[in-house]
Every structure is written in structure tokens, then in C-alpha cells.
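In what follows, a single structure is set out as C-alpha cells and then discussed.
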Amino acid sequence: MFEDIEKKWQSIWENKPREYDLNRELLVIDTPPPFTSGTLHMGHILSYSYIDFIARYKTLRGYQIFYPQGWDAQGFPTEMKIESKYGKNLSREEFRAKCVEWSHEMISKMRDQMRRMGYMIDWNNQYITMLPEYHEKVQKSVIDMWKLGDIYRDNHPVLWCPHCKSAIAKAELEDKEIDSILYDIRFDNIVISTTRPELLHACVAVAVHPDDQRYKDMIGKNVRIPLYNREVPVIADHDVIKDFGTGAVMICTYGDYQDLVWQKRHNLPVIEGIDKEGKLKNSKYDGMSIDEARSRIVADLRSQGYIVSEKSYRKIIRIHDRCKNPVELLYSYEWFASLKKHKDKLIDIAKQIRWTPSFGIYHYIDWLNNLDWDWIISRDRVFGTPIPFYVCEKCNHIEPADKLPFYPEKADEKICGKCGTTMRPETKVLDVWIDSSITPLIISRYYEDREFFNRTFPNYIRIQGVEIVRTWALYTIYRVWRITGSVPWKEILLNGNVLAPDGRKMSKSLGNVISPDELLKEYPVDALRQWAAMSGALAKDRPFSYEDIKYAKAFLIKYWNASKYIISKLQPISNTPKLRKVDRWILHRLSEVIDRVTDAMESYEFRDAITTLQQFYWNEFCDFYLEYTKWRFQKNIDTEGAVYTLKKVQEEFSKMFSVFAPHLAYEVYWMIFGREIDSWPQFSFNDEIAKNDVERFNLEVSKVRTYKISNRMSLKAELDRWELSEQFDDELKEELKNTLNIKELV
RNA sequence: GGGCCCGUAGUCGAGGGGUUAAGACGCCGCUCUUACACAGCGGAGAUCCCAGGUUCGAAUCCUGGCGGGCCCACCA
């Protein structure tokens with residue numbers, strides 16, 4: 001039953017023509033373009049459902065919504081897939097073509113999943129980051145920023161896997177605990193501790209803690225590196241752990257991430273100690289592998305008496321998640337975007353945006369305040385947007401590409417305007433966050449249609465996960481602000497993550513992954529959507545709850561059955577039906593519920609909205625009101641008021657419920673009213689007296705029910721006499737007698 | 001170590017300075033009552049993490065613990 005209804009309405013929604021009236025306000029939703037993995041996970045369902053709730057709510061409120069969908073296609077995981085499928089021997093162009101082909105397949109799978117969720121996405125307005133038209137806009141945006149002085153090239157360490165001979169991202173790191181040896185090595189009159197003696201030749205300083213009495217007098221002096229007889233300064237830094245080893249550390253470029261921090265902080269020189277093959281360079285041991293060099297240098301130090309002590313030591317190192325080999329930090333030329341110098345301004349800009357929940361902005365501010373250096377925007381990959389510049393190898397001059405989209409393998413020749421040398425087209429590609437950090441400009445057509453842009457920018461809202469505030473939100477605010485001088489959107493809404501029912505992260509290795517496709521075998525789409533609404537506060541993680549989705553499904557069945565009852569009682573009525581007190585009570589409550597749900601929707605409190613709706617409908621409307629109408633139809637007394645009220649509640653409730661459960665709500669509404677839902681409730685009804693009296697009365701009804709149950713009577717069994725615990729008017733007394741089959745009230 | 005979030009019945013969770021602290025799941029009874037047994041009705045079950053403080057009054061606000069989560073950093 002559910003499946004037929006779902007398919008019917010999805011096809012109706014999809015085939016609806018989308019036309020936009022640019023003379024009216026157009027609310028633009030900047031939705032996350034998912035990475036094209038081929039499958040949506042529960043986090044996607046949560047986020048996209050939130051987006052759809054907003055889109056449907058605003059549409060019913062009479063707004064025009066512009067709700068496109070994008071796809072974040074480029075990236076390392078796709079490259080790995082293609083590499084494992086076709087090997088490493090494809091040309092750049094062939095390789096990229098395979099990636100594109102594969103991504104298109106994944107997109108079509110994911111699009112089907114989204115359609116199945118009933119999302120009212122405008123499928124005529126999609127963007128895909130891997131397409132040439134998208135590349136062109138990204139490249140334009142980067143050149144725009146270069147013209148503003150925000151793009152530059154500089155030497156910078158990158159994470160490098162010597163085994164795979166590739167730069168890798170932080171996200172590809174894994175930790176591994178290994179047995180290592182902590183060596184204490186004498187440098188003149190100071191003894192340093194290190195696990196990486198092979199990097200001795202790349203030592204640029206020795207650091208101690210500023211409060212460490214042992215070394216107080218050494219700070220500012222020079223010490224001599226054993227074997228190399230080169231002098232380096234002793235410096236003070238708070239990050240040095242006094243209690244670790246000897247409390248003195250050699251800073252090498254680069255043994256680990258901390259070295260990098262120190263090198264930057266103290267402006268130390270850089271000595272490249274290891275090459276891209278994982279072999280030593282600039283040393284007495286050049287050409288040796290790291291492990292070989294380590295044992296040789298230790299032997300040499302030992303024989304010359306420089307090693308003071310050796311202790312075995314468990315150490316955590318970074319390894320590449322694919323090949324499990326240790327990762328090194330290597331120095332290389334990279335491209336940067338100037339983020340740091342705009343820090344204060346970026347904080348000001350972010351404060352102009354309404355953040356929901358409000359604490360979300362702290363993730364942003366905190367990250368900006370802790371930035372160590374600018375945003376590295378270059379990657380040594382193939383499946384990415386090429387960096388649209390030429391580089392002069394001779395004088396380091398940079399010039400932007402003239403023809404876009406720019407691809408280095410097809411690039412025209414260019415002569416350096418400074419020194420006349422032939423320039424090299426850059427072969428690195430851009431960080432994928434560069435692609436996705438201009439989505440507001442893409443969907444508002446900044447580079448193609450300024451009129452459309454002016455009408456749709458800033459966008460109404462961005463919805464995204466809280467865990468990528470420091471990347472996606474920050475980079476978007478930064479880039480869009482630099483290019484347009486404005487905030488990208490008026491609001492940003494943050495959702496949390498979906499954990500496994502056991503409260504842990506969902507992961508394949510833990511075997512606790514719940515997939516939307518599996519759930520949809522057992523639960524209707526509208527139940528899954530309700531789950532999303534029920535699943536808790538914004539920007540907080542919450543375990544997936546089978547209780548919630550079970551309840552959601554039961555609620556749909558309840559709604560369906562109540563609708564059947566209502567439909568069976570429909571009959572033509574006059575314009576002025578006589579309303580009994582119970583009618584006025586439920587209409588008053590309906591009016592209150594509309595107010596509360598409206599408020600909840602305005603503040604994106606979806607949980608409050610859906611639970612208010614569910615509790616009102618089930619616990620008040622079905623459990624009490626519906627029962628009060630039955631005797632009236634049987635005895636044909638005041639049926640018009642009952643029909644009017646049943647229809648009214650069903651009408652307004654269905655409108656609100658359709659935001660969360662559109663398929664069933666539209667079907668029910670259609671069955672009763674013969675048309676589609678097209679507005680948010682306007683209904684208002686006030687009768688405090690009826691409300692107070694009937695709520696009191698409902699308690700009396702419960703008492704009678706309790707009495708019957710505890711006396712093992714059926715609820716419809718006749719009761720000769722019932723002693724009222726309070727006074728009620730004649731109309732309510734009649735209600736009680738008839739609803740619970742009581743002969744006499746005293 | 002830094003930032004943020006959170007600690008409410010067996011479980012999940014609303015709420016949030018003032019009558020009996022929602023609701024769901026689970027549990028225990030009773031009922032196939034013509035919308036619904038994927039139901040109805042009823043019941044049991046909470047020192048609202050701990051300790052101070054503010055207050056006439058705190059589960060709710062403040063401070064400090066303890067515990068959990070997320071993100072970030074991390075011992076050379």
C-alpha cells in the first residue's frame with residue numbers, strides 16, 4: 001500500500017514543471033553536494049530530510065523555493081577505485097575519463113535514492129564538480145582571488161607516502177603503535193632525546209622549555225651537531241615537555257608535525273632531509289633508506305661516544321591507510337589561499353549570518369583562531385580541477401591561464417612576461433574544497449547570469465553537518481566574501497551525525513552500519529523521514545533509534561486508519577454546523593497546535609514540530625475526540641458539527657504533516673478534498689472555556705475507563721450508574737453517557 | 001592539552017526557577033469495542049550524575065568535581 005502511494009506522488013512531483021518568477025522573492029537553498037560514493041548513508045538522509053522539511057514548509061507558506069542539487073565528484077577515493085580497476089598505466093586523460101564515467105554511474109544511483117525519499121529537488125538544476133563547465137567557474141574564481149592577492153605559491157611541507165610516491169591528505173592517515181628506541185644524544189653540553197637519529201643532518205635547532213632550570217643558561221647559545229659539526233641555536237618553547245626524555249629536543253625538518261609547528265613559529269631554516277623516494281639527502285648517508293640510515297648513524301654515534309642512553313619506547317607513528325607504510329613530511333612547492341590575514345574580518349562576516357544552533361559559530365571562530373598557516377589548495381592528483389596558472393621555473397613568476405577551462409596537458413605555450421622563458425603549465429589540481437566552496441555562486445549563476453545572481457544572492461540558507469564547519473562553511477564564507485564582498489547566505493543550519501544504535505560511530509569494521517536501503521525494505525519512506533525529524537537536537541550526534549522509526553510507522557498506520565473512519569462519515573453539511581463543546585475543544589487545540597508547530601518550523605525545531613503533531617493527533621484527536629463522535633453518527637445527533645470538525649482537523653493536520661510525511665499526507669488529503677495540499681494552515685479558533693471543560697472532562701472519561709477495565713468489563717459494556725467526581729454541564733454529561741454507555745450519572 | 005555539546009525511569013529522550021517531571025520502546029494486567037490487535041484501556045517504574053552557591057523556592061541558574069560524546073592538537 002505505502003509503496004504504491006509513494007511511487008504515485010513521487011512521479012507527480014517530479015513531472016511538475018519548475019518555473020521561477022524572478023519578480024518575486026526566490027529562496028535559495030544551498031544544499032551539500034554529496035561525494036559521489038554511489039550510496040547515501042543515514043547522515044545524508046538526516047541532512048537532506050531537514051532540507052526538504054524546510055523546502056516544503058516554505059513552499060506551503062507561499063515562498064518560491066530554488067532547490068538545486070549538486071555532486072562533489074572529484075577526489076581521492078574515486079582515483080583509488082579507478083586505479084584498482086584499471087591499474088596505473090592509463091594516461092592522465094584516459095584516467096580522468098574513467099573517473100568521470102564511474103562518477104556518472106554513482107550519481108545516477110544516488111539520485112534514485114533521493115527521488116525515493118520524496119525530496120522536492122529541482123532536477124533540472126544540477127551541478128557536478130567534475131564537468132568542464134564547473135571547472136571553468138572554479139578556475140575563474142581562483143583567478144579572481146589571485147587578482148585580489150589571495151593566491152600565492154610557497155614552499156611547504158606535505159604529507160608524503162614514499163611507498164606510493166604520492167602526496168596524501170590528513171584524512172588518509174592512520175595511527176600505528178610501533179616499538180622504537182628513544183636515544184639520548186650529546187650535542188656539546190646538552191643532551192637531546194630523539195627516536196629519529198637519522199634526521200640529525202636536518203636538525204635546525206634544539207628546543208627546551210623556557211622554565212626548565214637545567215637549560216636556562218643554554219637558551220640563545222649555539223650547540224654543535226655530532227658527526228656534522230654544524231652549529232644550531234638552542235631556543236625556548238612552551239610546547240617542549242620537560243619530563244619527556246632529557247627535556248631537550250632537536251627540531252628537524254621534518255621529523256613530525258610538531259617540528260613543522262616549531263619551524264614555522266620560530267622562523268627556522270629548512271633542510272630537506274628525505275627525498276620523495278624515502279631516501280636520505282643532504283647527509284653523509286645520502287641514498288640510504290630511512291631504516292638503513294638509522295642503524296648506520298646509530299652505530300657511528302655509538303662508536304664516537306655521543307649516545308648517552310638508549311631506551312625502548314612504544315611510539316605512535318602515522319602510516320598511510322592504504323599501504324600501511326610510514327608517512328613523511330616533505331618540503332615542496334604548494335599553492336596557498338590567504339586565509340589567516342583575513343581572520344578578524346572573517347569572524348565579523350560570520351556574525352552577520354544566523355547560525356542554528358547558535359553555538360555553531362564557535363566551531364568556526366575557534367578554528368580560525370587556531371590556524372597555524374594558510375589554506376593549502378594544491379594537490380598532486382589527477383581527478384581534480386586543474387590549477388589555472390603557468391609557472392616560470394626560472395624566475396618563479398606566475399601567470400593565469402588565458403583560456404578556460406584550463407587543462408595542462410592541452411595548454412597553449414606561454415612566455416614569461418618577466419624573463420622571457422617558456423612557462424610551465426601547472427599540473428597540480430585544486431583541493432576539492434575549492435570546488436565546493438563556491439556553491440552559492442554556482443547556484444546563483446554568478447559567472448553566467450548577473451540578473452539571476454542579483455535576485456538570488458545572498459542565498460537564503462545553507463544546511464550542512466556541524467563537523468565540516470571548519471572546512472565547507474569557513475571556506476565558502478571566505479571565498480564568496482572575497483569575490484562578492486558579501487555573506488553567502490543569510491542563515492546556516494547545522495545537523496549532527498547519526499550514530500549506530502549502540503552509540504558508537506557506524507563503521508564497516510564494527511559491523512554496525514544501518515543503511516537507508518535496508519530500512520526502506522521494512523519501513524515506509526514517510527517513516528524514515530519522520531525518524532529524521534524525531535532524531536533530536538540540531539548539531540548533536542544521536543544514535544539511530546529503531547523505537548523512533550517503529551513509532552513513525554505505527555503513526556502512519558494510525559493516521560491512515562483514522563482517515564478511513566473520517567472518510568466513511570463524510571456527508572454534505574450546511575455552512576453553519578452546530579458545534580458541540582467537544583468540537584470546540586478539539587478545534588481550539590488544533591489552533592494551538594498550528595501555532596506551536598509554526599513556531600517550531602520557523603526555528604527549525606523539527607523534533608518539536610513532529611512530536612507535537614503526533615501527540616496531538618494520536619493522544620487527543622484519536623484517543624478522545626474520535627470516540628466522542630461515534631455515538632452522534634449512530635444516533636444521528638449533531639452530525640454536521642462532527643463532520644465539519646473531523647474534516648477541519650484532518651485538513652489542517654495533513655497540511656502540517658505533509659512536510660514530514662508528504663506521500664501519505666497528500667494521498668489522504670486528495671481522498672478527502674480532491675486536490676493537492678497547497679498551503680500552510682491559516683486556521684484560528686479560540687474557546688478557552690471549551691478547552692478547560694473538556695480537558696477536565698477527559699480525565700473523568702479516563703476514570704470510567706479505568707473502572708471498567710479494573711472490573712474486567714468491556715469498554716462498551718453498559719454501566720447502570722456512575723458517580724461523577726466533578727460537575728459537568730448537560731451536554732458533556734450526554735457525551736459521557738453515550739460514549740461509555742452509562743445509564744445514569746449522579 | 002584546547003574548544004564545543006551532554007549527563008532526566010531498564011533503554012531512548014522532551015522540558016526547564018514554583019501545582020501530581022512529557023512522550024516513545026520495553027515490562028505487567030485487562031479488552032478482538034463496527035477506523036486501527038502494526039490496536040485500545042489501565043498499571044508499575046525517576047534521590048532529574050555529585051558537592052557547594054544564588055533564591056522564599058533549583059532537576060532547571062552559577063561554581064567546582066565526576067562521567068560520556070564530537071572536533072582539533074599531541075611527547076620529539
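- Listed nucleotides: B/rA76, B/rC36, B/rC41. Nearest to the side chain of A/Glu627: B/rC36.
- Ring geometry, A/Phe653 versus A/Phe616: the interplanar angle falls from 30° to 60°, so the pair is classed tilted.
- Separation of the C1' atoms belonging to B/rG7 and B/rA46 is 14 Å when rounded to the nearest angstrom.
- One can place CG of A/Asp548 at 16 Å from P of B/rG23, the figure rounded to the nearest angstrom.
- Toward the 5′ end of RNA chain B lies the nearest nucleotide of A/Arg470, the other residue of the pair A/Gly245 and A/Arg470 mapping further downstream.
- Between the P atom of B/rG42 and the CG atom of A/Asp623 lies a distance of 8 Å, rounded to the nearest Å.
- At distances below 3.5 Å, at least one donor-acceptor pair connects side-chain atoms of A/Thr476 with backbone N or O atoms of A/Trp472.
- Comparing the same atom, P, in B/rA76 and in B/rG3 gives a spacing of 24 Å after rounding to whole Å.
- Between the side chains of A/Asn738 and A/Tyr628, no donor N or O sits under 3.5 Å from an acceptor N or O.
- Between B/rA24 and A/Tyr546, no contact under 4.0 Å exists linking OP1 or OP2 to a side-chain N or O.
- The shortest distance between the side-chain N/O atoms of A/Lys550 and the OP1/OP2 oxygens of B/rG26 is not below 4.0 Å.
- Between A/Ile241 atom CD1 and B/rC75 atom P the separation is 9 Å, expressed in whole Å.
- You'll find that the side chain of A/Thr194 is closest to B/rA76, out of B/rC41, B/rA76, B/rC36.
- Between B/rC25 and A/Ser545, no contact under 4.0 Å exists linking OP1 or OP2 to a side-chain N or O.
- Which of B/rG13, B/rC38, B/rA35 sits closest to the side chain of A/Tyr565 comes down to B/rA35.
- Rounded to whole Å, the distance from CG on A/Leu368 to C1' on B/rC71 is 15 Å.
- The same atom, P, is picked in B/rC50 and in B/rA59; the two are 10 Å apart, to the nearest Å.
- When each of A/Ile566 and A/Tyr313 is assigned the nucleotide of RNA chain B with its nearest heavy atom, A/Ile566 is the one assigned upstream, toward the 5' end.
- Residue A/Trp618 places at least one side-chain N or O under 4.0 Å from the OP1 or OP2 atom of B/rG40.
- Among the nucleotides B/rA39, B/rA76, B/rC5, the one closest to the side chain of A/Val240 is B/rA76.
- The cationic atom of A/Arg632 (NZ for Lys, CZ for Arg) does not lie both less than 6.0 Å from the six-membered ring centre of A/Tyr644 and within 45° of the ring axis.
- Residue A/Lys630 places at least one side-chain N or O under 4.0 Å from the OP1 or OP2 atom of B/rA35.
- We find that CH2 of A/Trp367 is positioned 5 Å from P of B/rA73, with the value rounded to whole Å.
- Among the nucleotides B/rG13, B/rC71, B/rA22, the one closest to the side chain of A/Gln615 is B/rA22.
- Out of B/rG3, B/rA76, B/rC5, the shortest distance to the side chain of A/Arg196 is found at B/rA76.
- Under the 30°/60° scheme for interplanar angles, the aromatic rings of A/Tyr617 and A/Phe555 are found to stand perpendicular.
- If you check every strand for non-hydrogen atoms under 4.0 Å, A/Lys564 touches sugar and phosphate atoms only.
- Taking the side chain of A/Arg607 as heavy atoms from C-beta on, and the options B/rC75, B/rU34, B/rA14, the nearest nucleotide is B/rA14.
- Between A/Phe2 and A/Trp560, a ring centre-to-centre spacing not shorter than 6.0 Å is recorded.
- One C1' atom belongs to B/rA21, the other to B/rC28, and the distance between them is 23 Å to the nearest Å.
- Whole-Å rounding puts the A/Glu620 CD to B/rG23 C1' distance at 13 Å.
- Between the side chain of A/Tyr364 and the backbone N or O of A/Leu346, at least one donor-acceptor pair lies under 3.5 Å.
- Nucleotides B/rU63 and B/rA44 have their C1' atoms positioned 39 Å apart, rounded to a whole Å.
- Within the 4.0 angstrom heavy-atom criterion, base atoms lie near A/Cys622.
- In this structure, CG of A/Asn711 is placed 17 Å from C1' of B/rU33, rounded to the nearest angstrom.
- Separation of the P atoms belonging to B/rA39 and B/rU11 is 24 Å when rounded to the nearest angstrom.
- If you take CD of A/Glu547 and P of B/rA22, they are 20 Å apart, rounded to a whole angstrom.
- Comparing B/rC4, B/rA76, B/rA35 by their nearest atom to the side chain of A/Leu626 picks out B/rA35.
- Straight-line distance between the P atoms of B/rG42 and B/rA22: roughly 15 Å, to the nearest whole Å.
- The same atom, C1', is picked in B/rG10 and in B/rU20; the two are 23 Å apart, to the nearest Å.
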